[in-house]
Each structure stands twice: as structure tokens, then as C-alpha cells.
Chemist: 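Here's a structure for you.
Note that these values count all heavy atoms, side chains included, but never hydrogens, waters or copies made by symmetry. Small disclaimer: the values here were computed from a predicted structure and weren't measured.
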Amino acid sequence: MQNQSITPYLNCSFSCQCGRTHKSLFAHYIFEPGAIGKVPALLEQLGYRKPYLISDTHTYEIAGRQAEEVLREEGIDYTSHVLKSPENSDLAADEHALGSIAMANDKEADIIISVGTGTINDLGRYFSYITGRPFMLIATAPSMDGLVSGVAPLIFHNMKITFPAQEPLALICDPGIMADAPVKMLAAGAADILGKYNCLLDWKLSHLVNDEYYCDTIAGIMRKAVDQTMESTKGLASHNGEAVSVLTEALVLSGIAMDFSENSRPASGAEHHQSHYWEMQFLFDGIPAVLHGTKVGIGTVLMLELYNALAEMEKPDFDKIREEISDRLSVEEWEKEMRRCYRDGADGIIALEKKSKKNDPEGLLKRLTVIEEKWEEIQSLAKTAPKASEIYHVLEEMGAAKIPADVGIAREYVYDSIRYGKELRDRYTILQFMWDIGKLEEEADLLVGKYCKA
């Protein structure tokens with residue numbers, strides 16, 4: 001069974017009005033009861049004879065064991081590697097887990113199959129990419145937006161970095177397994193999708209300020225998926241099958257949108273910078289991981305607050321902003337702050353800035369000229385943003401985390417993520433915009449005062 005909203009984008013290529021040709025290698029979407037039982041026939045159809053199954057302690061019990069059984073019943077040879085999940089935390093998608101997969105690798109395997117939606121998916125499709133083999137995914141929960149994307153966010157030397165990855169040929173989803181996922185995972189998937197409200201604004205904002213490539217078709221696909229998810233969130237707490245189906249479809253469309261744009265721009269903005277920053281701090285401090293989408297939901301509330309503030313802001317005195325550029329942190333002071341905030345990952349952050357020059361005065365002056373000229377247009381964009389309070393209440397209705405303290409994110413980490421989370425990527429967002437106009441620290445103070453306990 002293939003959802004009619006997904007079918008037009010399967011294994012497709014089309015010339016878009018944006019001037020580019022959009023392509024997707026993702027060809028098979030099976031969302032039906034007993035979907036795992038379809039894997040042997042699909043492998044035969046695609047011409048693959050020996051899969052390498054990758055799972056973790058949890059996903060093996062949910063679907064990995066079943067996948068092995070159906071392969072054995074059909075006489076299909078396979079290799080299976082189960083990564084051990086930490087007792088009180090989730091497996092990290094880092095170089096250690098990747099090394100385990102590589103050491104258990106079967107050179108004779110001709111296709112990689114990940115059994116698991118989050119970390120296992122990211123690790124499997126990256127391993128598939130670097131070994132030049134095709135990839136297939138058996139999903140176990142609709143908890144994140146990278147189900148079918150061609151990129152994988154991995155942790156390397158304590159830094160969260162997005163790497164190129166292998167787009168799956170097929171996504172296998174048993175609706176019973178997906179709907180039985182813990183509510184916190186369903187809520188995390190929905191929160192990840194709701195974050196697209198913010199990242200689409202960020203993408204358009206960068207288009208206005210930097211003339212970055214932007215595609216209305218891709219943005220439209222993503223916006224429709226977000227709106228449909230917004231309408232179905234109430235059913236997730238009760239594991240409603242239709243709500244889970246809508247959410248899964250939105251997550252799939254998110255990955256397709258990333259493939260069409262050839263990067264994660266349609267699905268990742270400042271809300272993800274918050275999530276990645278907090279995740280790094282948890283790693284540094286040895287704190288158990290929190291689901292990616294859960295953190296994205298919290299970050300979305302904070303970043304929409306910035307857009308809501310921009311919508312009501314009086315036009316700044318741009319001459320004064322220019323005069324005060326020299327009062328901002330010196331390079332030496334900034335590097336000292338990066339070493340305080342990013343610790344073992346600071347060298348990567350500093351190297352990125354030397355390459356991208358996001359904070360360079362010359363580039364800032366150029367952007368200020370554009371921002372001043374387009375102020376009304378930029379503010380009109382901000383006025384299309386949902387109210388942060390609306391997303392807050394949707395998260396609350398799902399039983400999801402709403403504020404940093406809900407998942408143990410310290411007040412000082414929130415303050416620093418708002419001020420310095422933008423340094424994680426060479427990507428223009430509302431954070432960089434607020435820094436450009438000299439408002440970022442002021443807004444950080446307001447947000448921490450509103451959402452974090454003293």
C-alpha cells in the first residue's frame with residue numbers, strides 16, 4: 001500500500017519552476033499490516049540477495065527479530081548486527097557506533113537494512129553511503145524526520161555534523177508497530193514536524209537577506225505536511241492509527257523535501273541549532289540523551305518567540321547599529337566564548353567561522369543594507385509565523401516537553417544556545433538576523449526570563 005500523497009514523489013525527476021531539476025531515488029513505500037513480511041519479495045524484485053541488518057537492543061526486539069525470521073523462512077542469507085543500547089539512555093550516532101557497524105560488516109552483503117527509525121537509521125544510511133551499497137529502512141517509530149533523507153546528522157569529535165548519506169530505496173512501515181511506539185516518540189516525531197514552521201521561515205528569511213536559493217514548490221510540500229500534522233496531533237496520545245499515518249507521511253515528505261533541495265534547508269533551521277547545542281552539552285556532561293524531536297519542539301517555541309517579536313518590532317536605527325559594530329565581541333573574546341560553550345568541539349566551530357565569516361564586519365554591513373531596504377518585507381514574513389503560544393499548547397496537549405526544564409536543560413545552556421547556537425552551522429536563521437540587528441542578547445535575556453526558572 002502506498003499513500004497517494006507520497007506516490008507522485010517516488011523515484012521521480014521533474015523540472016521545477018525554481019529552475020532546478022528535483023530528483024528522488026526513494027522508490028518503495030510500504031505502509032501496511034505485515035509490511036516486514038514483504039521484505040523478501042522486495043529484495044528479490046530489486047535484485048539483492050544478501051542483506052546486512054543493523055539494529056540496536058530495542059529495535060531488534062521490536063522488528064529486527066521478525067525481519068530475521070522472514071528472511072530465514074524464504075531462505076535468504078543475511079548478516080545481522082545488534083548494537084548494545086545504554087541502560088538509561090539512547091544509543092548515540094557517533095564514531096564509536098559507526099566503528100562497531102564497520103567491524104561487524106559482511107563484505108559479501110549487497111544491501112544495508114537498518115531496523116530502527118532514529119540513530120540506527122542515521123548510522124545505517126551513512127554506512128551505506130561510505131561503502132557504496134544501497135539502503136533500505138524498516139521503521140519502528142514515527143519519531144524523526146530523516147526517514148528517507150539523503151543526509152545524516154552524526155556526532156564526530158563531540159560535534160553534531162550533517163553528513164551526506166544514502167537515500168533509501170524503500171521504507172517499510174507496519175502501522176501496528178508504528179502506532180504502538182511510546183507516546184514520547186510519537187510526540188517527538190510531531191514536534192520535529194512542527195519545527196518546520198520555523199525552518200521554512202528561516203529559509204525564506206535567508207532568501208530575502210542573502211538571496212539564498214529558495215523553492216516555493218519544496219516549501220509548499222513541507223508546509224502542507226506540517227499543516228496536516230498540526231490537525232492530527234490530538235490523536236497521537238491515544239495511538240490513533242490515522243493520526244500516526246498522517247505523521248508518518250509528513251516525516252516521509254520532509255525527507256523528500258530535503259532530497260529535492262539537496263540539503264536539509266527545508267527541514268532544519270534555528271530550532272535544530274538549539275537541539276544540537278543542547279545535545280552536545282548533554283554529551284559533554286554525561287547526561288542521558290533526549291529524543292531529537294523533543295528538543296526540536298522546545299527550540300521551536302523559543303525561535304517562534306523571536307519571529308513573534310520581530311513581527312511587532314519598530315524599525316531599528318540602522319545608522320546606530322552600524323556605529324556600534326566595533327563594540328561587539330572581538331575575535332579573541334568570541335573565541336574565548338566558543339571554547340567555554342563548545343569545549344572539545346570549539347576548534348570545529350572556530351574553523352567554521354574562519355571559512356564562513358558569518359560574523360565578519362564587512363559581511364554584516366552588506367546584510368544590514370539589505371535588511372534596511374527590505375525591512376517591511378521581512379517583517380511581513382515574520383507576521384506569518386504561528387504564535388509560539390499556539391505551538392506550546394499543541395505540545396502540551398500531546399504530553400510533550402514544552403520548556404527546557406521539562407527535559408533537564410539548564411538555564412545557562414538555554415541562554416548560550418540562543419546567543420551562540422547559530423555558530424553550529426553556516427546557515428542564516430532568525431538567530432543570525434537578531435545578531436545582525438544587535439538584538440540577540442536582549443532577546444536571549446527575555447526568553448530565558450520567560451521560559452527558564454531562576
Chemist: Name the orientation class of the two ring planes belonging to H81 and Y52 (parallel below 30°, tilted from 30 to 60°, perpendicular beyond 60°).
Modeler: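 Because their plane-to-plane angle lies in the 30° to 60° range, the rings of H81 and Y52 count as tilted.
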Chemist: Looking at L253 and I221, what are the two nearest heavy atoms and their distance?
Modeler: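 Scanning both residues, the minimum pair turns out to be CD2-CG2, 4.1 Å.
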Chemist: Given the rule in the salt bridge (Lys or Arg N to Asp or Glu O under 4.0 Å) test, do E262 and K23 qualify, once you have shown the distances and angles that lead to the verdict?
Modeler: CA-CA 9 Å; E262 299 180 7; K23 299 178 181 179; over 6 Å; no
Chemist: Side chains of S206 and N210 only: does a donor on one sit below 3.5 Å from an acceptor on the other?
Modeler: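 A pair is found: one side chain offers a donor N or O, the other an acceptor, under 3.5 Å apart.
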Chemist: Flag the pair R419 / W435 as yes when at least one side-chain heavy-atom distance between them is below 4.5 Å, and no otherwise.
Modeler: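 No; the side chains remain at least 4.5 Å from each other.
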Chemist: With a 4.5 Å limit on heavy-atom distance, are the side chains of M258 and I218 in contact?
Modeler: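 Side-chain contact under 4.5 Å: no.
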Chemist: Are any non-hydrogen side-chain atoms of W334 and N359 less than 4.5 angstrom apart?
Modeler: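 They are in side-chain contact.
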Chemist: Just how far is it from atom CG of L395 to atom CD of E390, taken to the nearest 0.5 Å?
Modeler: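 These two atoms lie 11.0 Å from each other.
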Chemist: Do side-chain atoms of T131 reach the backbone of F127 as a donor and acceptor pair under 3.5 angstrom?
Modeler: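 Side chain of T131 to backbone of F127, a donor-acceptor pair under 3.5 Å: yes, one is there.
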Chemist: Counting distance only, does the side-chain N/O of T429 pair as donor-acceptor with the main-chain N or O of L431 below 3.5 Å?
Modeler: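 Here the side-chain-to-backbone pair exists.
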Chemist: Thinking salt bridges, do D227 and K224 make one under a 4.0 Å N-O criterion?
Modeler: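 Looking at K224 together with D227, the answer is no, because their closest N to O distance does not fall below 4.0 Å.
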Chemist: I need the minimum non-hydrogen distance between A401 and V407, along with the two atoms involved.
Modeler: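 It is CB-CG1, 3.8 Å.
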Chemist: Are the side chain of S268 and the backbone of R265 linked by a donor-acceptor contact shorter than 3.5 Å?
Modeler: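 No, the answer is negative, given that no donor and acceptor are paired below the 3.5 Å cut-off.
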Chemist: In terms of side-chain geometry, is the basic nitrogen of E423 or K358 positioned less than 4.0 Å from the acidic oxygen of its partner?
Modeler: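 So E423 pairs with K358 through a salt bridge.
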Chemist: In Å and rounded to the nearest 0.5 Å, what is the CG to CG distance from D122 to D94?
Modeler: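 Here the interatomic distance stands at 11.5 Å.
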Chemist: Any donor-acceptor pair under 3.5 Å linking the side chain of H239 with the backbone of A179?
Modeler: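 Answer holds: yes.
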Chemist: Would D347 and R339 count as a salt bridge (Lys or Arg N to Asp or Glu O under 4.0 Å) here? Give the steps.
Modeler: CA-CA 8 Å; D347 287 341; R339 296 200 181 281; 2.9 Å; yes
Chemist: Do E271 and Y197 come close enough that some side-chain heavy atom pair is under 4.5 Å?
Modeler: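 E271 vs Y197: side chains apart.
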Chemist: Taking NZ, NE, NH1 and NH2 as the nitrogens, is one of them in E61 or R65 under 4.0 Å from a carboxylate oxygen of the other?
Modeler: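 The answer is yes: the pair qualifies as a salt bridge.
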Chemist: Considering residues, nucleotides and ligands other than Y420, do more than 12 of their heavy atoms fall under 6.0 Å from its OH?
Modeler: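 Counting neighbours around OH of Y420, more than 12 heavy atoms of other residues, nucleotides or ligands fall under 6.0 Å, so yes.
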Chemist: Looking at D192 and A188, would you say the former's side chain and the latter's main chain have a donor-acceptor pair under 3.5 Å?
Modeler: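 Not at all, since once roles are kept as given, no pair shorter than 3.5 Å links the two residues.
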Chemist: To the nearest 0.5 Å, what is the distance between CD on E396 and CD1 on I391?
Modeler: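 Answer for the CD-CD1 pair, E396 versus I391, is 13.0 Å.
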Chemist: Can you see which heavy atom on Y60 is nearest to which on S80, and at what distance?
Modeler: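 Smallest interatomic distance, heavy atoms only, reads CE1-OG, 4.5 Å.
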Chemist: Whether the side chain of S24 engages the backbone of N11 through a donor-acceptor N/O pair (distance < 3.5 Å, no angle test) should be reported.
Modeler: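 Checked: no pair found.
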Chemist: Classify the angle between the aromatic ring planes of F433 and Y428 as parallel (below 30°), tilted (30 to 60°) or perpendicular (above 60°).
Modeler: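 Perpendicular: the ring planes of F433 and Y428 meet at over 60°.
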Chemist: Is it true that a side-chain atom of S128 and a backbone atom of G124 form a donor plus acceptor pair closer than 3.5 Å?
Modeler: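 No: the side chain of S128 does not pair with the backbone of G124.
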Chemist: Consider only side-chain N and O atoms of D416 and Y342, and report whether a donor and an acceptor are under 3.5 Å apart.
Modeler: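 Judged by distance alone, the side chains do not pair up.
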Chemist: Working to the nearest 0.5 Å, report the span between CD of E167 and CG of L25.
Modeler: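 It comes to 4.5 Å.
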Chemist: Just do the side chain to side chain contact (heavy atoms under 4.5 Å, CB included) check on I111 and R133 with the steps written out, would you?
Modeler: CA-CA 6 Å; I111 187 169; R133 286 175 285 185; 6.0 Å; no
Chemist: Can you give me the closest heavy-atom contact between D174 and G34, atom names plus distance?
Modeler: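 Looks like OD2-N, 3.0 Å.
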Chemist: Applying side chain to side chain contact (heavy atoms under 4.5 Å, CB included), run through Y392 and I403 and close with a yes or a no.
Modeler: CA-CA 9 Å; Y392 179 98; I403 61 174; 3.8 Å; yes
Chemist: In Å and rounded to the nearest 0.5 Å, what is the CG to CG distance from L205 to L201?
Modeler: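 So the CG of L205 and the CG of L201 are separated by 8.5 Å.
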Chemist: Could you list the donor-acceptor pairs under 3.5 angstrom formed between side-chain atoms of residues 286-304 and any protein atom two or more places apart in sequence or on another chain?
Modeler:
| unit_1 | atom_1 | unit_2 | atom_2 | d |
| --- | --- | --- | --- | --- |
| H292 | NE2 | H272 | NE2 | 3.2 |
| K295 | NZ | V290 | O | 2.7 |
| T300 | OG1 | V296 | O | 2.8 |

Chemist: Do the non-hydrogen side-chain atoms of C215 and C16 ever get within less than 4.5 Å of each other?
Modeler: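 Heavy-atom side-chain distance check passes, below 4.5 Å.
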Chemist: Run T119 and D56 through side chain to side chain contact (heavy atoms under 4.5 Å, CB included) and show every step you take.
Modeler: CA-CA 9 Å; T119 296; D56 65 23; 5.7 Å; no
Chemist: Enumerate the salt bridge (Lys or Arg N to Asp or Glu O under 4.0 Å) contacts for residues 96-114, please, sequence neighbours excluded, ordered by first and then second residue.
Modeler: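 Passing the test, one end in residues 96-114: K50-D106.
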Chemist: Is the side chain of T229 donor-acceptor paired with the backbone N or O of A225 at a distance under 3.5 Å, no angle test?
Modeler: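 Confirmed, T229 side chain pairs with A225 backbone.
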Chemist: Distance from E443 atom CD to L310 atom CG, nearest 0.5 Å?
Modeler: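 Those atoms lie 9.0 Å apart.
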Chemist: Whether R340 and E337 form a salt bridge (side-chain N of Lys/Arg under 4.0 Å from carboxylate O of Asp/Glu) is what I want to check.
Modeler: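 Salt bridge: yes.
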Chemist: Please check if the number of heavy atoms outside E69 that lie under 6.0 Å from its CD is greater than 12.
Modeler: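 Counting neighbours around CD of E69, more than 12 heavy atoms of other residues, nucleotides or ligands fall under 6.0 Å, so yes.
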Chemist: Looking at the rings of W203 and Y214, which for Trp means the six-membered one, are their centres under 6.0 Å apart?
Modeler: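 Yes: the rings meet the under 6.0 Å criterion.
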Chemist: Kindly list each side-chain donor-acceptor pair under 3.5 angstrom involving residues 134-153, sequence neighbours excluded, with atom names and distances?
Modeler:
| unit_1 | atom_1 | unit_2 | atom_2 | d |
| --- | --- | --- | --- | --- |
| D145 | OD2 | K196 | NZ | 2.3 |
| S149 | OG | R125 | NH1 | 2.7 |
| S149 | OG | V151 | O | 3.1 |

Chemist: Under 4.0 Å between a Lys/Arg side-chain N and an Asp/Glu carboxylate O for R343 and D285?
Modeler: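 Counted as a salt bridge, because a side-chain N and a carboxylate O are separated by less than 4.0 Å.
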Chemist: Which pairs count as salt bridge (Lys or Arg N to Asp or Glu O under 4.0 Å) when at least one residue sits in residues 424-435, sequence neighbours excluded?
Modeler: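 Not a single pair qualifies under salt bridge (Lys or Arg N to Asp or Glu O under 4.0 Å).
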Chemist: Would you mind reporting whether Q274 and Y277 have side-chain heavy atoms less than 4.5 Å apart?
Modeler: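 Y277 does not reach Q274 side chain to side chain.
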Chemist: Go through it in stages, so that I can follow the logic: the residues are I161 and L154, the test is side chain to side chain contact (heavy atoms under 4.5 Å, CB included), and I'd like the CA-CA distance, side-chain angles, deciding distance and then a yes or no.
Modeler: CA-CA 5 Å; I161 302 173; L154 304 173; over 6 Å; no
Chemist: Are the side chains of Y78 and R72 in touch, meaning some heavy atoms are under 4.5 Å apart?
Modeler: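 When only atoms from C-beta onward are counted, R72 and Y78 do touch, with a gap below 4.5 Å.
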Chemist: Work out which heavy atom in M222 is nearest to a heavy atom in A250; give both atom names and the distance.
Modeler: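 Closest heavy-atom pair between M222 and A250: CE-O, 4.1 Å.
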Chemist: Are side-chain heavy atoms of K234 and E397 found at a separation under 4.5 Å?
Modeler: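 Yes, side chains in contact.
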Chemist: Taking side chain to side chain contact (heavy atoms under 4.5 Å, CB included) as the test, write out the residues that go with E73, two or more places apart.
Modeler: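 Once residues adjacent in sequence are excluded, E73 has no partner under the side chain to side chain contact (heavy atoms under 4.5 Å, CB included) criterion.
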Chemist: Could you tell me which residues satisfy ring pair (Phe, Tyr, Trp, His ring centres under 6.0 Å) with F260, sequence neighbours excluded, listed by chain and number?
Modeler: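 Partners of F260 under the ring pair (Phe, Tyr, Trp, His ring centres under 6.0 Å) test: Y9, F14, H22.
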Chemist: So, the side chain of S15 versus the backbone of T21: is there a donor-acceptor pair under 3.5 Å, distance only?
Modeler: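 The answer is no, because no donor-acceptor pair under 3.5 Å joins these two groups.
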Chemist: Which atoms form the tightest heavy-atom contact between A270 and D202, and what is the distance?
Modeler: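 Looks like N-OD2, 2.8 Å.
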